[in-house]
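All remarks here apply to the structure that follows.
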Amino acid sequence: MESIMTIEETGWIYILSYCGAIGLILIGTVAMVIYHHLIRIILGLILLEAGVNLFLITVGYRANAVAPILMGDQVPVAMVDPIPQALVLTAIVIGVGVQALALALVIKTYKAYGTLDTKELAEKIAQESGTHLIDGIPVSLPAPALVRQIAEEKTP
Amino acid sequence: MNLREISGLIFIIGLGFLLGAVFKCLPYGEPITGVGQTITALAPIEVGTTNIVASVLLAYRGLDTLGELTVLFVAATAIGMVLGQRDPEISSQPEAGFILKTAANILFPFLIILGAYIILHGHLTPGGGFQGGAILAAAFFIPILATPASPFNHHISSLIEGFAGVAFIIIGLLALFGKGYFLAPLFGTGEVGHLFSAGSLPLLYLAVGLKVGAELAGLLARLQETEASD
Amino acid sequence: MNGIWLVALPLLGAFLLPIIYRHLPKKVGKWTGPFILLINLGIALELWRSIPVDSAQSIAMGGFPAPLGIIFYVDRLALLFVMLVVLGTLILWLGSELGRIREETLLLLLVGGSCGLALSGDLFNIYVFYEIVAVASYGLAASGKTGAGYAASLRFLILSALGSALLLLGIALIYAVTGTLNLAHLATLAPYMLNDIVGLSAFALMLIGLGVKAELFPVNTWVPEVYITAPARISALLGGIVSKLTLLIVLRFLVLIYADTDAPLLLLSLGVLGVLTGELAALRATDLRQVLAFSSIGQLGLVAIAFSIPGPDGVIAGVVLALHHALVKPALFMLTEAWGGHFKRLVGAAHVSLWGTLLFIVLVLSLVGIPPLPGFWAKLLLLKGAFATENVWYHTAIAVVLIATVIETAYFMRIVRLMFQQQSEPPIKPRLHELIPASTFAALLALSIVYVGTITKNMNEIAVKVADKKIYISNTFPVWHRDFKKNALTENVKIPNSPSSKEETQE
């Protein structure tokens, strides 16, 4: 089909935009994996979502096309694909909801344990629930300790 | 460097290579199926909007928009459950400075007008329910920033968000009874490019705008209240 | 009856529920949710009756025909999962005390989202409904209102949001290549456009994304934490019932888009790894709910293995395994409300509540797969299907499944033995409202033993139709030219080998 264009024709916008999308996705994922601070992990998540959204928008891009809005009596020239734009709008709003819920949970977690570091958090939770960590998996204490704990709960 | 970080880095490097290789293979330009092109050509005739993204959002993919409103509602409900009710006895943050307080009063009517304009012209110009709703939410949130002691009325915001969501579904169901399809555009297309055109789409956008506005304002107010109670 | 009601009704109820609770007597609010679920169940049954096995109701949203608008594809398989979710939620709902407004709203939204997920025939729409289900799950996971619950829910959210972003990336890749999002349309295009490296990487990304909810191997670290900290009925709902829905989506992708590629082998390997890691972790765990959580990872691994078997054999094995697990696991989770924690607390349980113990033993035996119980038939179907493929990878999977069954028997029998020992301090007696849901699920299980012949026959019919992508395509595309703007569409949109063009020439 003749409408499939070469990179030379469509210019540098494609390449730049794709590289930006890859970059954002990778930076976001790296941040989510290497950091131990919950806020930084959530920031990484936001970057990742931004990268995916940028990629979606780039998918709909056409060379020399205008925004998909008819203006007056203007003869319609080539327009960019409207579907990815609608999808991105939806994805952004969904992202906002998820991020807000994440922040609410962060507030509650911080109130409960006084820390946002994932390692410290895991240790504190393990202490609280009377378990001990083996390779990061919490394992309940054996029965005598637990019975004692229940007895302690009942006494006050 | 523990096991988790190493496996994470391997995953990321793999993802990087994968994306690089895949993006190189992607076709540039128009995909041969041309669904987007067809919609661009048909939308002004079938739906009657000049903003084609609006007709994709509300007509061709109206169910996505309902789902998206639902996600916001789910998030708002979950946040309400997690953060709980505000404790009135806990003192709130100190009031903001003179500039913010004055600006909040002056900005309020303008933001309301701007939000309403953007919502109501969503089918004609760039913008629409989400953008306008976000502006409406800002209009109600800036006064809270200025005077944190003033209570935000969660009852009214939840009432608006409930009824706006119901209105969206009811319009969809009316179309189901009238035309046999859920969320089909009603009332004809009208004269393309005028304010009263595109059938039931402006009504849907109004519901979207009100719901998004009430929900975002409620979310922000709740987060702010919890922060203030520390 | 239009299938959209299955989604619209719970959403309508959820939007109105807070208002009903505030402005009407509390009794009305309490019974709104169960009432809506009952109606939903009725609608699903009516649809099941009215839709023949080999056909499906294909609903064009807004009247916009197939690739332009969103399609709901209502066939018997989707309805089966819808009924499962609605019925399961109803039983668990009635088994708990009523009147928690926000939790009930979230439950209704979860049901609405799940129904949409099962019925949708559009990639991006699937993403949207997946997000509804996911966000409702985060909220429900935190509904225990403990610090550990919030932290577990947060970790679940972060992992799942990472998965969702990758899922969206996969969908974007598919859109970039094909320019369409409709599953039936993609099914016609896939052999030409998607069975290459781009298509397969899109599948890998989507599999990771969907795998978070389906507890697939690398992305299931949230499972034990959440199921321990969430209330028992929420763990039952998420682990037992909702997690299967995403595997249904994966099955649709495999059948429609990736039938002749290596994609099933990817699912197979993730499933095998899931079975192994899940069962081994369960062997080491010392907390009853943790054991159930890890065993649920293993069981979902089995379903993944089954769905990766090409053809109707895989479909029927996977569906039966999923249904069986959806009856057994919620019942077991409900019993942990009294018996949770370290399983040394179970010592002497048989002397406290004989009925509870009996239920536990029957359910566990069925999960392991002891002959008269339905679990045996489910596993047998899986083994038969895997054996018939004559592929060495599937035969390896059979060996793994058998080893996993032995491990499963070992750790469950260890628990059962503890229940019959004598103990000076007896465990807590389960309350009635915990036993009723568990008994209901067990009764359904018993019913399935009685009707095993009918069920197998019905499932076979459904599986044969589901595994055939031509039926999906031809059921979706009649809408194509029945609708308005027929000419404009056929001029602009070209579908290779589209069934509609054939039908047009016949007319």
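Because the structure is predicted, anything quoted here is derived from the model rather than measured. Below, chains carry the letters A, B, ... as their sequence lines are ordered, and counting in each starts from 1.
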To the nearest 0.5 Å, what is the distance between [atom1] ([X]) and [atom2] ([Y])?
X	Y	atom1	atom2	value
S164(C)	I94(A)	OG	CD1	8.5 Å
L48(A)	L169(C)	CG	CG	8.0 Å
M32(A)	L162(C)	CE	CG	4.5 Å
L154(C)	T109(A)	CG	OG1	5.0 Å
R155(C)	L38(A)	CZ	CG	9.5 Å

Legend entry - side chain to side chain contact (heavy atoms under 4.5 Å, CB included) assessment of L168(C) paired with N53(A): CA-CA 9 Å; L168(C) 188 58; N53(A) 289 341; 4.1 Å; yes
Which pair of non-hydrogen atoms, one from [X] and one from [Y], has the smallest distance, and what is that distance?
X	Y	result
L157(C)	A102(A)	CD2-CB, 3.5 Å
A112(A)	G147(C)	CB-CA, 3.7 Å
A165(C)	V52(A)	O-CG2, 3.7 Å
A172(C)	V59(A)	O-CG2, 4.1 Å

Inset, instruction - Start with the C-alpha gap between L87(A) and Y127(C), add the side-chain angles, then the distance that decides, and say whether side chain to side chain contact (heavy atoms under 4.5 Å, CB included) holds. - result: CA-CA 10 Å; L87(A) 302 189; Y127(C) 167 76; over 6 Å; no
Inset, instruction - Please tell me if the side chains of D81(A) and Y175(C) come closer than 4.5 Å, counting only heavy atoms from C-beta onward. - result: yes
Inset, instruction - Check whether any side-chain N or O of Y113(A) sits under 3.5 Å from a backbone N or O of A151(C) as a donor-acceptor pair, and report yes or no. - result: no
Legend entry - Largest heavy-atom contact set with chain C, pairs under 4.5 Å, which of I83(A), T58(A), L121(A): I83(A)
Legend entry - L173(C) versus chain A, the contacting section by heavy-atom distance below 4.5 Å: both
